[in-house]
Amino acid sequence: MLYPAKEHVRQTGEKLVGLLPDVDRAKTQIVLLAGEVTPFRNDTDRELSFRQESNFYYLTGCNVPGSYLLAIYQVGTSFEKSPLVKLFIPKAELADIMWSIPPPSLDEASASHDVTNVYNVSTLVDQLTEALTAFPDAILHTFPTNSAVLPNFPAACASQILQAGRTLVDAHLLPAVHLARLIKDDFEIDLIRKANQISSRAHETVMRVLGKAVKGSITSPGPNANRPLLPGEWLIEQEAEAEAIFVASCRREGSIHQAYLPIVAGAQRASTLHYCCNDREFAWGPVKPTDHKNHDHFPQTGDKEFVPQVLLIDAGCEWSCYASDITRTMPVGNGGKFSPEARDIYNLVLDMQKAAMEITKPGVHWDTVHYTCHKVLVQGFQRLGIFKTPDSPSSGSWNSEESILASGDSAAFFPHGLGHSLGMDVHDVPSASKPTVNPTISETEKVGNPSYYTYLRLRLPLQKGMVVTIEPGCYFSPHLLAAIRDSKHINHDVLKRYESVGGVRIEDVVLITEDGFENLTTVRSETEWIEGVCAGDL
Ligand code: GLY
Ligand code: MN
Ligand code: MN
(Lines give C-alpha, C1' and ligand atoms only; values in the text may rest on other atoms or scores of the structure.)
(Ligands and ions follow the chains in the order given, each with its own letter.)
Protein backbone atom coordinates (compact mmCIF):
# COMPACT_ATOMS: atom_id res chain seq x y z
CA MET A 1 0.00 0.00 0.00
CA LEU A 2 1.25 3.47 -0.85
CA TYR A 3 1.75 6.26 1.66
CA PRO A 4 -1.63 8.11 1.54
CA ALA A 5 -0.30 11.47 0.31
CA LYS A 6 -3.40 12.45 -1.66
CA GLU A 7 -5.65 11.94 1.33
CA HIS A 8 -3.21 14.03 3.41
CA VAL A 9 -3.44 16.82 0.82
CA ARG A 10 -7.23 16.60 0.95
CA GLN A 11 -7.29 16.82 4.76
CA THR A 12 -4.85 19.71 4.68
CA GLY A 13 -7.05 21.48 2.08
CA GLU A 14 -10.05 21.05 4.37
CA LYS A 15 -8.15 22.52 7.35
CA LEU A 16 -6.70 25.30 5.18
CA VAL A 17 -10.12 26.45 4.03
CA GLY A 18 -11.29 26.38 7.66
CA LEU A 19 -8.56 28.89 8.54
CA LEU A 20 -9.35 31.33 5.72
CA PRO A 21 -11.71 34.32 5.88
CA ASP A 22 -15.19 33.50 4.54
CA VAL A 23 -14.63 35.36 1.26
CA ASP A 24 -11.66 33.19 0.32
CA ARG A 25 -13.06 29.79 1.14
CA ALA A 26 -14.67 28.99 -2.21
CA LYS A 27 -11.59 30.06 -4.19
CA THR A 28 -9.09 27.68 -5.71
CA GLN A 29 -6.27 26.95 -3.28
CA ILE A 30 -2.88 26.26 -4.86
CA VAL A 31 -0.12 24.81 -2.70
CA LEU A 32 3.49 25.26 -3.78
CA LEU A 33 6.18 23.63 -1.68
CA ALA A 34 9.83 22.74 -1.90
CA GLY A 35 11.22 19.59 -0.30
CA GLU A 36 14.54 19.20 1.45
CA VAL A 37 17.76 19.11 -0.56
CA THR A 38 20.73 16.84 -0.01
CA PRO A 39 22.94 18.24 2.73
CA PHE A 40 26.70 18.08 2.34
CA ARG A 41 29.40 18.53 4.89
CA ASN A 42 32.05 21.05 3.89
CA ASP A 43 35.09 19.65 2.17
CA THR A 44 34.10 16.03 2.33
CA ASP A 45 32.26 15.70 -1.00
CA ARG A 46 30.03 13.27 0.81
CA GLU A 47 26.33 13.62 1.47
CA LEU A 48 25.11 13.86 5.03
CA SER A 49 22.21 11.54 5.66
CA PHE A 50 19.05 12.80 4.02
CA ARG A 51 15.80 13.23 5.94
CA GLN A 52 12.83 14.70 4.09
CA GLU A 53 11.19 17.72 5.70
CA SER A 54 8.24 16.30 7.62
CA ASN A 55 5.43 18.44 6.19
CA PHE A 56 6.61 17.85 2.64
CA TYR A 57 6.70 14.11 3.28
CA TYR A 58 3.21 14.22 4.77
CA LEU A 59 1.84 15.76 1.57
CA THR A 60 3.86 13.71 -0.94
CA GLY A 61 5.30 10.57 0.67
CA CYS A 62 8.38 11.53 -1.33
CA ASN A 63 11.90 10.94 -0.09
CA VAL A 64 13.71 12.19 -3.18
CA PRO A 65 15.98 15.17 -2.40
CA GLY A 66 15.31 18.35 -4.38
CA SER A 67 11.62 17.65 -5.12
CA TYR A 68 8.64 20.04 -5.33
CA LEU A 69 4.90 19.86 -4.87
CA LEU A 70 2.16 21.72 -6.72
CA ALA A 71 -1.31 20.85 -5.44
CA ILE A 72 -4.78 22.21 -6.18
CA TYR A 73 -7.77 22.01 -3.86
CA GLN A 74 -11.15 23.67 -4.17
CA VAL A 75 -14.34 23.25 -2.19
CA GLY A 76 -17.39 22.45 -4.34
CA THR A 77 -15.37 21.05 -7.24
CA SER A 78 -13.93 17.64 -8.03
CA PHE A 79 -10.72 18.84 -6.32
CA GLU A 80 -12.53 18.80 -2.97
CA LYS A 81 -12.68 15.00 -2.89
CA SER A 82 -9.66 14.37 -5.06
CA PRO A 83 -7.11 17.20 -5.08
CA LEU A 84 -4.69 17.51 -7.97
CA VAL A 85 -1.27 16.54 -6.63
CA LYS A 86 1.72 17.09 -8.90
CA LEU A 87 5.12 15.90 -7.71
CA PHE A 88 8.31 17.15 -9.34
CA ILE A 89 11.53 15.16 -8.93
CA PRO A 90 15.02 15.86 -10.28
CA LYS A 91 16.21 14.09 -13.41
CA ALA A 92 19.07 11.62 -12.96
CA GLU A 93 22.35 13.16 -14.12
CA LEU A 94 25.31 11.01 -15.13
CA ALA A 95 27.51 12.51 -12.41
CA ASP A 96 24.89 11.67 -9.77
CA ILE A 97 24.72 8.09 -10.95
CA MET A 98 28.48 7.75 -10.85
CA TRP A 99 28.84 9.07 -7.31
CA SER A 100 25.60 8.12 -5.70
CA ILE A 101 22.16 6.57 -6.06
CA PRO A 102 20.16 8.46 -8.72
CA PRO A 103 16.58 9.64 -8.23
CA PRO A 104 13.92 7.21 -9.53
CA SER A 105 12.64 7.47 -13.09
CA LEU A 106 9.25 9.15 -13.62
CA ASP A 107 7.63 5.74 -14.12
CA GLU A 108 9.17 4.33 -10.95
CA ALA A 109 8.14 7.39 -8.95
CA SER A 110 4.58 7.29 -10.35
CA ALA A 111 4.25 3.66 -9.27
CA SER A 112 5.57 4.32 -5.76
CA HIS A 113 3.77 7.58 -4.90
CA ASP A 114 0.10 8.27 -4.29
CA VAL A 115 -0.02 11.45 -6.38
CA THR A 116 -1.84 12.48 -9.56
CA ASN A 117 1.32 12.79 -11.66
CA VAL A 118 5.09 12.90 -11.41
CA TYR A 119 7.18 15.28 -13.55
CA ASN A 120 10.74 16.45 -13.82
CA VAL A 121 11.62 19.58 -11.85
CA SER A 122 12.52 21.28 -15.14
CA THR A 123 8.78 21.57 -15.94
CA LEU A 124 7.82 23.19 -12.62
CA VAL A 125 7.84 26.81 -13.78
CA ASP A 126 5.72 26.04 -16.86
CA GLN A 127 3.21 24.08 -14.85
CA LEU A 128 3.01 26.81 -12.24
CA THR A 129 2.37 29.38 -14.98
CA GLU A 130 -0.32 27.15 -16.41
CA ALA A 131 -2.03 26.85 -13.00
CA LEU A 132 -1.86 30.61 -12.37
CA THR A 133 -3.40 31.27 -15.79
CA ALA A 134 -6.11 28.63 -15.41
CA PHE A 135 -7.11 29.88 -11.94
CA PRO A 136 -6.75 33.66 -11.94
CA ASP A 137 -8.49 34.02 -8.55
CA ALA A 138 -6.58 31.22 -6.85
CA ILE A 139 -4.77 31.82 -3.58
CA LEU A 140 -1.19 30.61 -3.70
CA HIS A 141 -0.03 29.09 -0.41
CA THR A 142 3.38 28.15 0.90
CA PHE A 143 5.26 27.96 4.20
CA PRO A 144 6.56 31.07 5.96
CA THR A 145 9.97 32.15 4.72
CA ASN A 146 11.00 32.99 8.28
CA SER A 147 10.25 29.52 9.65
CA ALA A 148 12.57 26.57 9.89
CA VAL A 149 10.53 25.10 7.05
CA LEU A 150 12.09 27.22 4.34
CA PRO A 151 10.65 27.23 0.86
CA ASN A 152 13.51 26.98 -1.54
CA PHE A 153 12.07 27.54 -5.01
CA PRO A 154 13.99 27.92 -8.23
CA ALA A 155 14.47 31.68 -8.84
CA ALA A 156 12.39 31.34 -12.02
CA CYS A 157 9.40 30.28 -9.93
CA ALA A 158 9.55 33.40 -7.81
CA SER A 159 9.89 35.71 -10.82
CA GLN A 160 7.01 33.95 -12.55
CA ILE A 161 4.80 34.60 -9.55
CA LEU A 162 5.88 38.25 -9.45
CA GLN A 163 5.33 38.70 -13.18
CA ALA A 164 1.84 37.29 -12.87
CA GLY A 165 1.17 39.94 -10.23
CA ARG A 166 0.43 37.22 -7.67
CA THR A 167 1.63 36.77 -4.11
CA LEU A 168 2.54 33.76 -2.05
CA VAL A 169 0.45 33.61 1.11
CA ASP A 170 2.42 32.05 3.97
CA ALA A 171 0.13 32.48 6.98
CA HIS A 172 -2.19 29.49 6.73
CA LEU A 173 -0.57 26.46 5.14
CA LEU A 174 1.73 25.39 7.99
CA PRO A 175 -0.98 25.63 10.67
CA ALA A 176 -3.31 23.71 8.33
CA VAL A 177 -0.80 20.88 7.79
CA HIS A 178 -0.16 20.72 11.55
CA LEU A 179 -3.90 20.47 12.24
CA ALA A 180 -4.20 17.63 9.73
CA ARG A 181 -1.13 15.86 11.14
CA LEU A 182 -2.45 16.00 14.71
CA ILE A 183 -4.78 13.05 14.05
CA LYS A 184 -3.00 9.99 12.72
CA ASP A 185 -4.45 7.55 10.18
CA ASP A 186 -3.91 3.78 10.24
CA PHE A 187 -0.99 3.96 7.84
CA GLU A 188 0.84 6.43 10.07
CA ILE A 189 -0.02 4.49 13.24
CA ASP A 190 1.57 1.35 11.79
CA LEU A 191 4.79 3.26 11.13
CA ILE A 192 4.83 4.72 14.65
CA ARG A 193 4.10 1.25 16.05
CA LYS A 194 7.05 -0.19 14.14
CA ALA A 195 9.41 2.58 15.32
CA ASN A 196 8.28 1.88 18.88
CA GLN A 197 8.77 -1.85 18.57
CA ILE A 198 12.32 -1.46 17.27
CA SER A 199 13.17 1.09 19.97
CA SER A 200 11.55 -1.04 22.67
CA ARG A 201 13.78 -3.97 21.70
CA ALA A 202 16.82 -1.65 21.75
CA HIS A 203 16.00 -0.51 25.31
CA GLU A 204 15.61 -4.12 26.40
CA THR A 205 18.88 -5.06 24.72
CA VAL A 206 20.77 -2.47 26.80
CA MET A 207 19.16 -3.79 29.99
CA ARG A 208 19.98 -7.39 29.10
CA VAL A 209 23.63 -6.55 28.41
CA LEU A 210 23.78 -4.87 31.83
CA GLY A 211 22.20 -7.98 33.38
CA LYS A 212 24.63 -10.35 31.65
CA ALA A 213 27.56 -8.36 33.03
CA VAL A 214 26.10 -8.58 36.54
CA LYS A 215 26.08 -12.36 36.14
CA GLY A 216 29.66 -12.23 34.80
CA SER A 217 28.57 -13.96 31.60
CA ILE A 218 30.08 -11.48 29.17
CA THR A 219 33.49 -12.85 28.47
CA SER A 220 36.31 -10.80 27.13
CA PRO A 221 39.14 -12.33 25.04
CA GLY A 222 41.60 -10.74 27.46
CA PRO A 223 44.29 -8.13 26.85
CA ASN A 224 46.59 -10.55 24.99
CA ALA A 225 44.10 -11.64 22.33
CA ASN A 226 45.32 -8.86 20.04
CA ARG A 227 41.97 -8.28 18.41
CA PRO A 228 39.14 -5.81 18.89
CA LEU A 229 36.14 -6.72 20.99
CA LEU A 230 33.16 -8.20 19.16
CA PRO A 231 29.65 -6.82 19.92
CA GLY A 232 28.84 -9.75 22.24
CA GLU A 233 31.92 -8.90 24.28
CA TRP A 234 31.03 -5.24 24.91
CA LEU A 235 30.42 -4.29 28.49
CA ILE A 236 28.39 -1.23 29.37
CA GLU A 237 30.54 0.77 31.75
CA GLN A 238 29.95 4.22 30.36
CA GLU A 239 27.12 6.17 28.78
CA ALA A 240 28.66 5.98 25.30
CA GLU A 241 28.60 2.16 25.40
CA ALA A 242 24.91 2.13 26.27
CA GLU A 243 24.22 4.59 23.45
CA ALA A 244 26.25 2.52 20.98
CA ILE A 245 24.31 -0.64 21.82
CA PHE A 246 20.96 1.17 21.60
CA VAL A 247 21.74 2.72 18.21
CA ALA A 248 23.30 -0.48 16.85
CA SER A 249 20.20 -2.43 17.80
CA CYS A 250 17.95 0.01 15.90
CA ARG A 251 20.28 0.20 12.92
CA ARG A 252 20.52 -3.56 12.52
CA GLU A 253 16.72 -3.64 12.33
CA GLY A 254 16.84 -1.22 9.40
CA SER A 255 16.08 2.08 11.07
CA ILE A 256 18.08 4.84 9.39
CA HIS A 257 17.72 7.74 11.80
CA GLN A 258 17.22 8.22 15.48
CA ALA A 259 14.15 10.42 15.96
CA TYR A 260 16.34 12.66 18.16
CA LEU A 261 19.81 12.34 19.60
CA PRO A 262 19.69 9.78 22.42
CA ILE A 263 19.83 11.02 25.99
CA VAL A 264 21.96 8.56 27.97
CA ALA A 265 22.59 9.87 31.46
CA GLY A 266 24.11 8.06 34.43
CA ALA A 267 23.64 8.96 38.10
CA GLN A 268 23.05 12.68 38.83
CA ARG A 269 23.33 13.52 35.15
CA ALA A 270 19.83 12.03 34.82
CA SER A 271 18.55 15.27 36.35
CA THR A 272 19.47 17.16 33.16
CA LEU A 273 16.31 16.74 31.11
CA HIS A 274 17.90 16.84 27.67
CA TYR A 275 21.41 15.77 28.70
CA CYS A 276 23.41 15.60 25.52
CA CYS A 277 27.00 14.53 26.28
CA ASN A 278 26.55 10.76 26.73
CA ASP A 279 30.29 10.65 27.40
CA ARG A 280 30.80 9.88 31.10
CA GLU A 281 31.78 6.68 32.76
CA PHE A 282 29.48 5.23 35.35
CA ALA A 283 30.59 6.04 38.86
CA TRP A 284 32.89 3.53 40.52
CA GLY A 285 33.63 3.54 44.22
CA PRO A 286 33.03 6.65 46.32
CA VAL A 287 31.72 9.43 44.16
CA LYS A 288 30.84 13.03 44.84
CA PRO A 289 27.22 14.01 44.24
CA THR A 290 28.00 16.18 41.24
CA ASP A 291 31.03 14.37 39.87
CA HIS A 292 31.09 15.09 36.14
CA LYS A 293 34.82 14.60 35.76
CA ASN A 294 35.08 10.87 35.85
CA HIS A 295 37.36 10.68 32.84
CA ASP A 296 39.75 7.90 33.81
CA HIS A 297 39.33 4.56 32.23
CA PHE A 298 38.56 1.87 34.76
CA PRO A 299 39.03 -1.68 33.57
CA GLN A 300 36.40 -4.04 34.86
CA THR A 301 38.04 -5.81 37.77
CA GLY A 302 36.72 -7.83 40.62
CA ASP A 303 37.80 -5.34 43.26
CA LYS A 304 35.92 -2.35 41.92
CA GLU A 305 32.19 -1.91 41.97
CA PHE A 306 29.78 0.54 40.53
CA VAL A 307 28.21 2.89 42.98
CA PRO A 308 24.46 2.13 42.95
CA GLN A 309 23.15 4.60 40.40
CA VAL A 310 20.48 4.99 37.78
CA LEU A 311 20.97 5.02 34.04
CA LEU A 312 18.31 7.05 32.25
CA ILE A 313 17.98 6.37 28.53
CA ASP A 314 15.58 8.54 26.55
CA ALA A 315 15.93 7.31 23.00
CA GLY A 316 13.79 6.32 20.06
CA CYS A 317 14.40 5.60 16.42
CA GLU A 318 12.50 6.69 13.37
CA TRP A 319 10.83 4.37 10.87
CA SER A 320 9.97 5.82 7.44
CA CYS A 321 9.89 9.36 8.85
CA TYR A 322 7.78 8.39 11.91
CA ALA A 323 9.16 8.67 15.42
CA SER A 324 9.25 6.86 18.69
CA ASP A 325 10.20 8.44 22.01
CA ILE A 326 10.83 6.09 24.93
CA THR A 327 12.51 6.58 28.28
CA ARG A 328 13.53 3.83 30.62
CA THR A 329 15.45 4.31 33.84
CA MET A 330 17.43 1.30 35.01
CA PRO A 331 19.68 0.40 37.91
CA VAL A 332 23.44 0.14 37.52
CA GLY A 333 25.58 -1.31 40.31
CA ASN A 334 24.05 -2.88 43.41
CA GLY A 335 23.75 -6.19 41.54
CA GLY A 336 21.28 -4.68 39.07
CA LYS A 337 18.84 -3.52 41.77
CA PHE A 338 17.80 0.05 42.54
CA SER A 339 19.07 1.59 45.77
CA PRO A 340 16.17 1.93 48.28
CA GLU A 341 15.88 5.66 47.50
CA ALA A 342 16.01 5.12 43.72
CA ARG A 343 13.36 2.42 44.05
CA ASP A 344 11.09 4.77 46.00
CA ILE A 345 11.39 7.40 43.29
CA TYR A 346 11.03 4.85 40.49
CA ASN A 347 7.84 3.48 42.04
CA LEU A 348 6.49 6.99 42.50
CA VAL A 349 7.09 7.90 38.83
CA LEU A 350 5.45 4.64 37.84
CA ASP A 351 2.45 5.60 40.03
CA MET A 352 2.32 8.97 38.27
CA GLN A 353 2.26 7.23 34.90
CA LYS A 354 -0.41 4.73 36.03
CA ALA A 355 -2.61 7.56 37.34
CA ALA A 356 -2.23 9.40 34.03
CA MET A 357 -3.07 6.28 32.05
CA GLU A 358 -6.16 5.62 34.16
CA ILE A 359 -7.78 8.81 32.88
CA THR A 360 -6.32 8.95 29.38
CA LYS A 361 -9.18 8.84 26.87
CA PRO A 362 -10.90 11.09 24.32
CA GLY A 363 -12.46 14.23 25.78
CA VAL A 364 -10.15 14.49 28.79
CA HIS A 365 -8.11 17.70 28.71
CA TRP A 366 -4.35 17.05 28.74
CA ASP A 367 -3.94 19.78 31.39
CA THR A 368 -6.00 17.57 33.72
CA VAL A 369 -3.85 14.50 33.07
CA HIS A 370 -0.70 16.55 33.67
CA TYR A 371 -2.11 18.01 36.90
CA THR A 372 -3.07 14.53 38.12
CA CYS A 373 0.61 13.59 37.97
CA HIS A 374 1.54 16.58 40.15
CA LYS A 375 -1.08 15.42 42.66
CA VAL A 376 0.38 11.91 42.74
CA LEU A 377 3.88 13.36 43.12
CA VAL A 378 2.81 15.53 46.07
CA GLN A 379 1.02 12.60 47.74
CA GLY A 380 4.06 10.38 47.17
CA PHE A 381 6.47 12.97 48.56
CA GLN A 382 4.27 13.32 51.64
CA ARG A 383 4.36 9.54 52.06
CA LEU A 384 8.17 9.51 51.73
CA GLY A 385 8.50 12.48 54.09
CA ILE A 386 10.08 14.81 51.52
CA PHE A 387 7.00 17.05 51.77
CA LYS A 388 5.63 17.59 55.27
CA THR A 389 2.17 16.36 56.16
CA PRO A 390 -0.40 18.22 58.26
CA ASP A 391 -0.80 17.02 61.87
CA SER A 392 -4.49 16.63 61.18
CA PRO A 393 -5.67 16.09 57.64
CA SER A 394 -7.74 19.29 57.60
CA SER A 395 -7.71 20.77 54.13
CA GLY A 396 -6.60 24.38 54.09
CA SER A 397 -3.64 23.72 56.39
CA TRP A 398 -0.42 25.39 55.17
CA ASN A 399 1.10 21.99 54.42
CA SER A 400 -1.97 20.21 53.08
CA GLU A 401 -1.80 18.57 49.65
CA GLU A 402 -3.85 21.49 48.24
CA SER A 403 -1.53 24.13 49.70
CA ILE A 404 1.55 22.42 48.32
CA LEU A 405 -0.10 22.10 44.90
CA ALA A 406 -1.00 25.79 44.98
CA SER A 407 2.59 26.73 45.90
CA GLY A 408 4.00 25.07 42.78
CA ASP A 409 6.86 23.50 44.78
CA SER A 410 6.42 20.17 42.99
CA ALA A 411 7.48 21.89 39.73
CA ALA A 412 11.04 21.87 41.06
CA PHE A 413 10.93 18.06 40.92
CA PHE A 414 8.71 17.57 37.85
CA PRO A 415 9.51 20.66 35.79
CA HIS A 416 8.52 19.48 32.32
CA GLY A 417 5.23 18.62 30.70
CA LEU A 418 3.65 15.18 31.01
CA GLY A 419 3.85 14.61 27.29
CA HIS A 420 3.43 15.87 23.78
CA SER A 421 2.01 14.92 20.45
CA LEU A 422 4.28 12.53 18.53
CA GLY A 423 4.27 11.66 14.85
CA MET A 424 6.74 12.47 12.13
CA ASP A 425 8.51 14.69 14.63
CA VAL A 426 9.13 13.95 18.27
CA HIS A 427 7.57 17.19 19.48
CA ASP A 428 5.04 16.96 16.72
CA VAL A 429 2.85 19.69 15.26
CA PRO A 430 3.57 22.42 17.82
CA SER A 431 1.18 24.99 16.34
CA ALA A 432 -1.75 22.57 16.57
CA SER A 433 -0.79 21.17 20.00
CA LYS A 434 -0.54 24.37 21.94
CA PRO A 435 -3.06 26.83 20.54
CA THR A 436 -2.66 30.44 21.63
CA VAL A 437 -6.11 30.20 23.12
CA ASN A 438 -6.21 27.10 25.30
CA PRO A 439 -9.59 25.37 24.90
CA THR A 440 -10.56 25.89 28.50
CA ILE A 441 -11.10 23.12 30.95
CA SER A 442 -14.01 23.31 33.33
CA GLU A 443 -13.86 26.33 35.65
CA THR A 444 -14.45 24.09 38.63
CA GLU A 445 -11.42 21.92 37.97
CA LYS A 446 -8.37 22.75 40.04
CA VAL A 447 -5.28 23.14 37.93
CA GLY A 448 -2.65 23.93 40.57
CA ASN A 449 0.08 26.48 40.13
CA PRO A 450 0.52 28.18 36.71
CA SER A 451 4.21 27.18 36.71
CA TYR A 452 3.11 23.59 36.07
CA TYR A 453 2.14 24.52 32.51
CA THR A 454 5.24 26.41 31.35
CA TYR A 455 6.67 23.45 29.45
CA LEU A 456 3.49 21.54 28.70
CA ARG A 457 3.59 21.10 24.94
CA LEU A 458 0.04 19.78 24.54
CA ARG A 459 -2.86 21.95 25.78
CA LEU A 460 -5.87 20.23 24.25
CA PRO A 461 -8.63 17.77 25.06
CA LEU A 462 -7.51 14.34 23.81
CA GLN A 463 -9.04 13.07 20.57
CA LYS A 464 -9.18 9.61 19.03
CA GLY A 465 -6.25 9.17 16.65
CA MET A 466 -3.84 11.42 18.53
CA VAL A 467 -0.53 9.85 19.45
CA VAL A 468 1.02 11.28 22.63
CA THR A 469 3.79 10.45 25.06
CA ILE A 470 3.08 9.87 28.74
CA GLU A 471 6.35 10.72 30.42
CA PRO A 472 6.24 11.69 34.07
CA GLY A 473 9.54 12.25 35.81
CA CYS A 474 11.04 13.18 39.14
CA TYR A 475 14.41 14.89 39.33
CA PHE A 476 16.79 16.25 41.92
CA SER A 477 18.59 18.93 39.94
CA PRO A 478 20.76 21.26 42.04
CA HIS A 479 19.71 24.15 39.77
CA LEU A 480 15.99 23.56 40.19
CA LEU A 481 16.27 22.74 43.89
CA ALA A 482 17.94 26.12 44.49
CA ALA A 483 14.51 27.72 44.12
CA ILE A 484 12.94 25.67 46.93
CA ARG A 485 15.83 25.41 49.40
CA ASP A 486 13.86 27.55 51.86
CA SER A 487 10.48 25.97 51.23
CA LYS A 488 8.50 25.39 54.41
CA HIS A 489 6.79 22.40 52.78
CA ILE A 490 9.98 20.37 52.56
CA ASN A 491 11.75 18.29 55.15
CA HIS A 492 15.23 19.19 53.96
CA ASP A 493 16.98 16.33 55.77
CA VAL A 494 14.81 13.76 54.03
CA LEU A 495 15.26 15.52 50.69
CA LYS A 496 19.04 15.30 51.08
CA ARG A 497 18.84 11.50 51.26
CA TYR A 498 17.09 11.39 47.88
CA GLU A 499 19.20 13.88 45.97
CA SER A 500 21.82 11.34 44.90
CA VAL A 501 19.15 9.48 42.90
CA GLY A 502 19.54 12.17 40.19
CA GLY A 503 16.39 11.57 38.22
CA VAL A 504 13.86 9.05 36.97
CA ARG A 505 11.69 9.34 33.88
CA ILE A 506 9.41 6.69 32.39
CA GLU A 507 8.07 7.46 28.93
CA ASP A 508 5.69 5.49 26.73
CA VAL A 509 3.99 6.40 23.45
CA VAL A 510 0.25 5.84 23.37
CA LEU A 511 -2.44 6.00 20.70
CA ILE A 512 -5.73 7.54 21.81
CA THR A 513 -8.51 5.10 20.89
CA GLU A 514 -12.31 5.26 20.95
CA ASP A 515 -12.55 4.75 24.70
CA GLY A 516 -9.02 4.88 26.08
CA PHE A 517 -5.57 4.28 24.67
CA GLU A 518 -3.28 1.65 23.22
CA ASN A 519 0.30 1.60 24.47
CA LEU A 520 2.55 1.44 21.40
CA THR A 521 5.68 1.03 23.54
CA THR A 522 6.30 -2.63 24.16
CA VAL A 523 9.29 -2.63 26.50
CA ARG A 524 8.08 -3.22 30.04
CA SER A 525 8.61 -0.87 32.95
CA GLU A 526 7.44 -2.63 36.14
CA THR A 527 10.04 -2.33 38.87
CA GLU A 528 10.45 -6.10 39.35
CA TRP A 529 10.88 -6.69 35.64
CA ILE A 530 13.44 -3.90 35.18
CA GLU A 531 15.43 -5.13 38.19
CA GLY A 532 15.08 -8.77 37.13
CA VAL A 533 16.49 -8.05 33.66
CA CYS A 534 19.22 -5.66 34.86
CA ALA A 535 20.28 -8.21 37.50
CA GLY A 536 20.46 -10.93 34.84
CA ASP A 537 17.74 -12.99 36.54
CA LEU A 538 15.11 -12.88 33.77
N1 GLY B 1 12.94 12.90 24.00
C2 GLY B 1 12.46 14.19 24.31
C3 GLY B 1 11.19 14.13 25.04
O4 GLY B 1 10.92 13.17 25.69
O5 GLY B 1 10.37 14.98 24.96
MN1 MN C 1 8.92 12.86 24.94
MN1 MN D 1 11.81 11.29 25.36
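Atoms considered below: every heavy atom in the structure, side chains included; atoms not considered: hydrogens, waters and symmetry mates. Order of listing sets the numbers, starting from 1, for every ligand and every atom in it.
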Here the Mn ion (ligand 3) sees protein N, O or S atoms within less than 2.8 Å, and their number is 4

Between His427 and the Mn ion (ligand 2), is there a contact where an N/O/S atom of the residue lies under 2.8 Å from the metal? no

Taking NZ, NE, NH1 and NH2 as the nitrogens, is one of them in [X] or [Y] under 4.0 Å from a carboxylate oxygen of the other?
| X | Y | value |
| --- | --- | --- |
| Arg193 | Glu518 | yes |
| Glu204 | Arg201 | no |
| Arg524 | Asp508 | no |
| Arg41 | Glu47 | no |
| Glu471 | Arg328 | no |
| Lys464 | Glu514 | yes |

Hey, is CZ on Arg252 packed in by over 12 heavy atoms from elsewhere, all under 6.0 Å?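 Counting other residues, nucleotides and ligands, CZ of Arg252 stays at 12 neighbours or fewer.
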
If you take all heavy atoms of Phe50 and Glu36, which pair is closest and at what distance?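 That would be CE1-O, 3.5 Å.
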
Ligand-side contact atoms (ligand 1) for residue partner [X], heavy atom cut-off under 4.0 Å:
| X | value |
| --- | --- |
| Glu471 | 3 (C), 4 (O), 5 (O) |
| His420 | 3 (C), 4 (O), 5 (O) |
| Asp314 | 1 (N), 2 (C), 3 (C), 4 (O) |
| His427 | 2 (C), 3 (C), 5 (O) |

Is Ile218 close to Val209 at the side-chain level, that is, under 4.5 Å between some pair of heavy atoms? yes

Can you tell me which residue and heavy atom of the protein come closest to atom 2 (C) of ligand 1, and the distance to 0.1 Å?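 Nearest neighbour among protein heavy atoms for atom 2 (C) of ligand 1, to 0.1 Å: His274 NE2, 3.6 Å.
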
Sub-3.5 Å N/O-N/O distance, Glu507 and ligand 1: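 Yes, there is a polar N/O contact under 3.5 Å.
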
